[in-house]
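All values below were derived from every heavy atom in this structure, side-chain atoms included, with hydrogens, water molecules and symmetry-related copies excluded. Bear in mind that the values here come from a model prediction, so they are computed numbers and not experimental data.
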Amino acid sequence: MKRTKINLLLERDAGLEDVLVNGWVRTRRDAKTFSFIEINDGSALKNIQVIADATLPNYDDIRKLSTGSAVAIRGVLAPSQGGGQKWEIQAKQVEIISLAPESYPLQKKRHTDEFLRTIAHLRPRTNKYGAAFRIRSELSYAVHHYFRERGFRYIHTPILTGSDCEGAGEMFRVTTMDLAAVPVIDKHTDYSADFFGTEANLTVSGQLSAEMFALSLGDVYTFGPTFRAENSNTRRHAAEFWMIEPEMAFCDLEGNMDLGEDLIKHLIGFIMDHCPDDLELFARFVDKKLRGTLDNIVNSSFVRLPYREAIAILEKSGRKFTYPVSFGLDLQTEHERFLTEQHFKKPVILYDYPKSIKPFYMRVNDDQETVAAMDILVPSIGEIIGGSQREERLAVVEARMNEMNMEKEPYWWYLESRMYGSVPHSGFGLGFERLLMLITGISNIRDVIPFPRTPGSIDF
RNA sequence: UCCCCAGUAGCUCAGUCGGCAGAGCAGGUGGCUGUUAACCACCGAGUCCGCGGUUCGAGUCCGUGCUGGGGAGCCA
């Protein structure tokens, strides 16, 4: 007999004479002539209650069922005789697939996130983490759904890259060389002996590759893992995370901002519509203000503010900031928080940043002083999107690379895209985990990634 | 990498001025009950993070290391 998942049983209108449910025991309560067993199979937040009567042949064993044990229950789906749930299963057969010993670490009470991180292989069996990872799955689907509906193509950009200067971030080196005996020529590593015959790293962004496909297929996006070897020890950073990077041909900065705002609103709305139970858990137990935060984002127009005006607002605010504010300096966390949490109290899109603090590929504005960059900042999380209109003029992008003392040779292919049919185009990167943090109210990025990788930590 | 905080039973924590190691939950046993974080009684449970120091005596004070957390920087 094929098993039926609990989420489908719980939403039924009518009972069933014979069903099979497989899952894990969350708790067992014994009455005089029968036991209540609550089963969860991960398909939903809710458990299903099983009534196991003392007349069952293996009732003695059933009475020993411990939290975490795996079972197969066959029985009747019937209206519950007690309050608290609509349906229950009156068991005709209880097969114990495996009995969890008393050392099972998850108890029927609240655990701290810090403890659960030490048992990351078991934590998805808890209500909170089960809900978080169901939402993560739905959110991934929603990303693909959103772009597909709008004619975007999904591009698998490389994870291994030969460039060591894609971005400012530190990169993870990829090598097959024996690190105890690295070949050296003139005190420098001889990468010609390595697997690719040159230095190789893990990607920090699929953007440059995605641009090539935007200039071919029109509107494209990437959605995959990204790696940063920064020694960042914060609740918002991980060494391995997922990023969504749309790239649009024939699109300027305004169109880019439109997409970023619409994407965020749509994805949040999708989860509100499709994961009400899981979201409710976070609104009740993790962040009491979550509903208000999400409603505010979905219903408000994001503020669009040139960097120059943001500086003026900060200067006039009368606030004493730890870090200085003036044109040419990047905004610090305290400044971003002031703008989104105090001044506007909603998401803010900052754009037209000084070119001196932004990378070579961003399009230089007519003022020659700023570039067509945009960051979307949200309350509590901070920067969730960073993007720009790309510099499509060959001479300008080459001049920028010269200014920054960049070696142009590795980018020959990137520069050729500006020689052959170059067009205005734009894109951005959206931090998938940061969006998940925003949607769930989970405050640590390590808790929205199945097995998080951070400096000094690669267990599981 | 820098600053701050924490580390005591399986888990969450208390431990006063430096003087016998504690509670709740979990687990075990028994009881009660269409229960639902069930309830009641009893029982077992410790490298007080490691190392060194001060002291008659250190969970407690000092130094150092490790681990975890928060903040900052960097960024998504």
Side-chain angles (χ1 to χ4, degrees), chain A residues 26-39 46-53 63-64 66-68 78-85 88 90 100-119 126-127 167-170 203-207 223 225-245 260 285 321-323 330-337 357-359 375-378 381-387 428-438 443-449 454-457 459:
Chain A
R26 281 297 178 80
T27 181
R28 192 198 79 243
R29 293 176 294 273
D30 299 321
K32 184 167 270 175
T33 58
F34 60 94
S35 288
F36 299 98
I37 312 167
E38 284 201 41
I39 309 296
K46 291 196 179 88
N47 306 322
I48 198 156
Q49 174 166 289
V50 173
I51 310 298
D53 197 83
R63 289 268 300 214
K64 291 179 189 140
S66 51
T67 302
S80 177
Q81 292 172 31
Q85 59 280 316
E88 65 189 20
Q90 285 150 9
E102 64 185 70
S103 57
Y104 184 66
L106 292 171
Q107 299 173 5
K108 292 178 283 186
K109 64 162 199 161
R110 207 188 152 277
H111 286 292
T112 59
D113 294 324
E114 290 80 7
F115 171 68
L116 291 170
R117 265 171 231 152
T118 70
I119 50 167
T126 65
N127 288 338
E170 291 290 311
T203 185
V204 294
S205 163
Q207 179 200 318
F223 181 20
T226 308
F227 306 89
R228 302 279 167 89
E230 293 290 346
N231 189 16
S232 297
N233 292 284
T234 81
R235 61 187 183 82
R236 303 188 308 281
H237 292 87
E240 177 181 328
F241 63 99
W242 283 56
M243 192 154 61
I244 299 153
E245 295 181 288
F285 299 117
F321 294 110
T322 309
Y323 290 88
D330 213 351
L331 296 185
Q332 304 296 315
T333 298
E334 57 174 347
H335 307 135
E336 296 178 353
R337 293 186 73 125
I357 57 172
K358 290 294 182 183
D375 285 356
I376 300 186
L377 313 176
V378 294
I381 306 291
E383 184 182 341
I384 196 164
I385 278 180
F428 60 79
L430 166 62
F432 184 64
E433 283 80 10
R434 288 193 181 171
L435 180 62
L436 211 42
M437 291 167 72
L438 180 67
S443 59
N444 195 310
I445 198 168
R446 298 174 185 96
D447 298 333
V448 296
I449 300 179
T454 51
S457 174
D459 279 347

Q | Side-chain-base donor-acceptor pair under 3.5 Å for A:H237 and B:C75 | A | yes
Q. Could a donor-acceptor pair under 3.5 angstrom be found where the side chain of A:Q81 meets the base of B:U35?
A. no
Q. Watson-Crick or G-U wobble partner for B:U54, using a 3.5 Å limit on both distances?
A. none
Q. Closer than 4.0 Å, any side-chain N/O of A:R434 to the OP1 or OP2 of B:A76?
A. no
Q.
Counting only side-chain heavy atoms from C-beta out, which of B:A76, B:G34, B:U33 sits nearest to A:D30?
A. B:U33
Q.
Would you say that A:W242 contacts A:E433 through its side chain, given a criterion of any heavy-atom pair below 4.5 Å between the two side chains?
A. yes
Q) Which word best sums up how the rings of A:H111 and A:F115 line up, parallel for under 30°, tilted for 30 to 60°, or perpendicular for over 60°? A) tilted
**Q.** Atom pair distance, as rounded to whole Å: NZ in A:K32 and C1' in B:G30
**A.** 14 Å
Q) Short question: side chain of A:E245, backbone of A:G206 - any donor-acceptor pair under 3.5 Å? A) yes
Restricting both atoms to N or O, compile the protein contacts to nucleotides 70-72 of chain B shorter than 3.5 Å, with distance only.
{"residue": "B:G70", "atom": "OP1", "partner": "A:N444", "partner atom": "ND2", "Å": "2.9"}
{"residue": "B:G70", "atom": "OP2", "partner": "A:N444", "partner atom": "ND2", "Å": "3.3"}
{"residue": "B:G71", "atom": "OP1", "partner": "A:R235", "partner atom": "NE", "Å": "2.5"}
{"residue": "B:G71", "atom": "OP2", "partner": "A:R235", "partner atom": "NE", "Å": "3.2"}
{"residue": "B:A72", "atom": "O2'", "partner": "A:Y323", "partner atom": "OH", "Å": "2.9"}
{"residue": "B:A72", "atom": "N6", "partner": "A:N233", "partner atom": "O", "Å": "3.4"}

**Q.** B:A41: pairing nucleotide in any strand, Watson-Crick or G-U under 3.5 angstrom
**A.** B:U29
Q. Judged by modelled atom types alone, do A:E38 and A:T27 share a side-chain donor-acceptor pair under 3.5 Å?
A. no
Q. Is there a side-chain contact between A:N127 and A:R26 (heavy atoms, below 4.5 Å)?
A. yes
Q | Ion pair A:K358/A:D375, N-O distance below 4.0 Å | A | yes
What's touching nucleotides 24-29 of chain B from the protein side, N or O pairs under 3.5 Å?
{"residue": "B:G24", "atom": "N2", "partner": "A:K109", "partner atom": "NZ", "Å": "3.3"}
{"residue": "B:A26", "atom": "O4'", "partner": "A:Q107", "partner atom": "OE1", "Å": "3.3"}
{"residue": "B:G27", "atom": "O2'", "partner": "A:E102", "partner atom": "OE1", "Å": "3.2"}
{"residue": "B:G27", "atom": "O2'", "partner": "A:E102", "partner atom": "OE2", "Å": "2.9"}

Protein N or O to nucleotides 41-48 of chain B N or O, pairs below 3.5 Å:
none

Q. Could you give the CG-to-P distance, from A:D375 to B:A76, as a whole number of Å?
A. 7 Å
Q. When the nearest nucleotide of RNA chain B is assigned to A:I51 and to A:T27 on a heavy-atom basis, which residue is associated with the more 5' position?
A. A:I51
Q. Considering only the P atoms, how many Å lie between B:A9 and B:G46, rounded to the nearest integer?
A. 11 Å
